[in-house]
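Report on one structure; see the data block that follows.
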Amino acid sequence: MNSNLPPASDSPVATESQAQSTNVHVPTPKFFMPVFLTVIVATLIYIGFQVSADLAHVPPLSLYSVILLSTALFIALAFEFVNGFHDTANAVATVIYTNALPAPVAVMWAGFCNFLGVMVASGAVAYGIIALLPVEMIMNVGSGAGFAMVFALLIAAILWNLGTWFLGIPASSSHTLIGSILGVGIMNHLLNASTGATSGIDMDQVLKVGKALLFSPMIGFAFAAVLFLLVKKIFKRQMELFQPPVGNKPPPPLIRGILIFTCTGVSFAHGSNDGQKGMGLIMLILIGLVPLAYSLNKSLDQQHLQSFGQLSAQTVQVLNVGQQEFSDEKARDVLTKYIQTKEQTPEVLPALASMTGHLGEKVAAYGDLKDIPEAGVAELRNDMYLSTTTFKRLDKEDALPEMTTEQQKVVKDYRNNMDSFLQYIPNWVKVAVALALGLGTMVGWKRIVITVGERIGKNHMTYGQGMSAELVAMSTIAAADGFGMPVSTTHVLNSAVAGTMVANKSGLNFATVRTILSAWVFTLPATIALSGGLYWLFLQFVS
């Protein structure tokens with residue numbers, strides 16, 4: 001891979017572009033650093049109080065656990081910080097290079113919008129990413145192998161992101177993290193294949209994520225090109241929209257408003273989508289180290305617990321009419337084997353029905369989840385995770401019993417109710433990720449912004465191109481977030497910018513495009529190899 005991007009001064013066109021793009025070099029205001037430090041301190045104090053409240057009702061952690069927890073959280077937040085200055089820089093490139101906003105204002109505004117996006121995230125993407133991991137690794141995340149897994153995939157992702165950022169290459173953090181997860185899963189399978197104690201990689205989930213990552217850049221390229229041509233036709237009399245900015249002259253008010261709006265939307269959507277990846281990994285860390293505090297959603301009230309008990313009893317009747325009942329141990333063995341081998345036997349549905357009934361009885365017996373002992377919490381979470389994974393697989397294979405519309409509603413309500421115990425994100429985790437992502441945006445944005453703004457096309461970006469690229473990127477990322485699919489802000493926006501360059505006949509800088517494409521191609525194999533190797537290495541110290 002040719003990692004040396006062509007300098008912006010290689011051609012007369014590039015020199016002109018460079019001269020026109022002084023906005024990117026506007027100095028940061030003096031008030032930035034004091035505000036920056038104040039926000040960090042205030043957020044850390046808030047997080048400290050929240051964590052103390054969560055841990056007040058659990059046995060004191062050992063010094064080893066405190067060090068391990070602090071280290072793991074630091075690395076997870078470091079990933080989001082790097083993600084901020086690596087990916088979010090794409091969102092501000094168009095408003096900076098069209099002079100819609102001064103660079104410092106654009107960057108701070110994008111960081112704030114990322115913060116808000118993280119805070120309103122649903123968690124669907126977070127748990128979609130986690131589902132890529134083998135189920136036995138998730139259920140045993142508190143073991144030495146579990147921590148080796150988390151450290152390996154996070155460190156591999158950070159190393160690749162830092163390397164591509166240093167070279168100014170807009171590689172995808174989503175792509176990077178998924179490659180790291182796959183590397184750990186593949187190495188786990190290779191190490192345990194002989195024992196049969198591994199479910200391997202969930203290829204259905206991999207294909208779902210892979211399709212989102214593959215098609216989103218194509219959509220970005222095509223839609224941005226079409227939108228730009230449409231804008232050119234509608235505003236054909238306003239030729240200034242299709243000329244490079246002169247000096248630091250801002251675009252016309254309407255176009256400027258659209259550019260700022262779309263930058264806001266991309267930043268917000270990036271926070272709500274990419275921020276969730278860090279959330280999911282932090283939840284794995286917390287569940288592994290402090291299961292009593294974080295394994296189950298302790299905010300659920302007694303009415304919710306009683307409703308779960310009733311729904312589970314009704315679901316048992318749908319799944320298992322007149323069939324044998326299994327003990328919890330037997331049911332776990334059957335369901336685990338089914339998930340690992342993907343071979344359905346006559347015992348699977350009775351085992352799932354038995355597990356469903358027992359879960360309902362256990363939960364309904366407690367007036368408050370905080371009353372469940374530590375061993376019971378870990379067991380309850382693992383049984384729920386095993387059940388929900390089995391339901392998903394049977395549903396995909398159309399292997400559930402035939403049901404009436406009313407019965408389908410009962411099972412759907414039960415599954416949603418069960419997910420509410422597992423798929424939750426504490427507010428302080430959102431705040432921590434939001435802070436890391438937002439601050440990362442404001443620190444290291446310039447390298448990637450220069451590449452996107454000056455080096456993808458041969459000519460300087462016009463107002464119309466910036467508006468079209470941002471509008472398509474915002475819509476694509478927001479739609480993916482709604483469907484719970486992880487997409488790459490980098491891929492979508494870079495492809496959209498390239499699409500507008502082609503539609504405008506501005507020409508592409510093929511040296512830069514080749515470098516970006518090479519990074520996209522090599523990201524998966526590189527991160528798979530890196531995280532797999534790190535996982536094997538870390539296992540030597542914990543096994």
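In this text the structure is predicted, and so the values were computed from the model without any measurement.
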By side-chain hydrogen bond (donor to acceptor under 3.5 Å, both in side chains) - contacts of Thr527 (at least two apart): none

Approximate separation, where rounding is to 0.5 Å, of Thr94 OG1 and Leu471 CG: 10.5 Å

Flag side-chain contact, heavy atom, 4.5 Å: Leu177 against Leu153: yes

Atom CZ of Phe261: over 12 foreign heavy atoms under 6.0 Å: no

Chi angles and distances behind the side chain to side chain donor-acceptor pair (under 3.5 Å) call for Trp109, Ser267: CA-CA 9 Å; Trp109 178 245; Ser267 300; over 6 Å; no

Backbone of Tyr294 reached by a side-chain donor or acceptor of Tyr424 within 3.5 Å: yes

Leu289: side-chain contact (heavy atoms from CB on, under 4.5 Å) partners, not counting sequence neighbours: Leu68, Leu69, Phe147, Ile285

Cationic N near anionic O, under 4.0 Å, Arg415 to Asp419: no

Atom of Cys113, atom of Thr264 and distance for their closest heavy-atom approach: SG-CG2, 3.5 Å

Ionic contact status for Asp54 with Lys298, cut-off 4.0 Å: no

Approximate separation, where rounding is to 0.5 Å, of Leu154 CG and Glu80 CD: 9.5 Å

Thr523-Trp160 side chain donor-acceptor pair, cut-off 3.5 Å: yes

Residue pairs involving residues 233-253 (criterion ring pair (Phe, Tyr, Trp, His ring centres under 6.0 Å); sequence neighbours excluded): Phe228-Phe242

side-chain contact (heavy atoms from CB on, under 4.5 Å) between Leu530 and Ser180, worked out: CA-CA 7 Å; Leu530 186 56; Ser180 299; over 6 Å; no

Enclosure of Phe223 CZ (heavy-atom neighbours >12, cutoff 6.0 Å): no

side-chain hydrogen bond (donor to acceptor under 3.5 Å, both in side chains) partners of residues 222-235, not counting sequence neighbours, each pair once: Lys232-Asn504

From Ser295 atom OG to Tyr385 atom OH, the distance as rounded to the nearest 0.5 Å: 13.0 Å

Side chain to side chain, Leu77 and Val433, heavy atoms closer than 4.5 Å: yes

Heavy-atom closest pair, residues Ala469 and Thr500: N-CG2, 4.1 Å

Taking every non-hydrogen atom, the tightest pair across Val429 and Met283: CG2-SD, 4.3 Å

N/O donor-acceptor pair under 3.5 Å between Asn83 side chain and Phe79 backbone: no

Heavy-atom side-chain contact between Ile181 and Ser531 under 4.5 Å: no

Closest approach of Asn417 to His304 (non-hydrogen atoms, all atoms of both residues): OD1-NE2, 3.0 Å

Heavy-atom donor-acceptor pair, Gln276 side chain to Ser272 backbone, under 3.5 Å: yes

For the student: nearest non-hydrogen atoms of Gly271 and Asn114, plus distance: N-OD1, 3.4 Å

Pairwise side-chain contact, Val184 with Met187, heavy-atom cut-off 4.5 Å (strictly under): no

Rounded distance (nearest 0.5 Å) linking atom CD1 of Ile258 with atom CD1 of Ile255: 4.5 Å

side-chain contact (heavy atoms from CB on, under 4.5 Å) partners for Leu439, two or more places apart: Phe36, Ile40, Phe81, Leu435, Met442

Phe112 vs Phe268 side-chain heavy atoms within contact, under 4.5 Å: no

Audit row: Ser468, Gln465, side chain to side chain donor-acceptor pair (under 3.5 Å) steps and yes/no: CA-CA 5 Å; Ser468 302; Gln465 286 175 307; over 6 Å; no

Trace of the side-chain contact (heavy atoms from CB on, under 4.5 Å) decision for Tyr46 with Val431: CA-CA 9 Å; Tyr46 167 78; Val431 170; 3.7 Å; yes

Min side-chain heavy-atom separation Asn297-Ser299 under 4.5 Å: yes

Side-chain donor or acceptor of Thr476 paired with backbone N/O of Ala473 under 3.5 Å: no

Salt bridge (charged side-chain N to carboxylate O under 4.0 Å, His left out) partners of Lys412, counting only residues at least two apart: none

Inter-residue atom distance Thr389.OG1 - Leu422.CG, 0.5 Å rounding: 9.0 Å

Close side-chain approach of Pro251 and Leu259, heavy atoms under 4.5 Å: yes

Min side-chain heavy-atom separation Thr262-Met467 under 4.5 Å: no

Step-by-step side-chain contact (heavy atoms from CB on, under 4.5 Å) determination, Lys430 to Val120: CA-CA 9 Å; Lys430 289 187 176 183; Val120 302; over 6 Å; no

Minimum-distance pair of heavy atoms, taken over all atoms of Ala434 and Met119: CB-SD, 4.3 Å

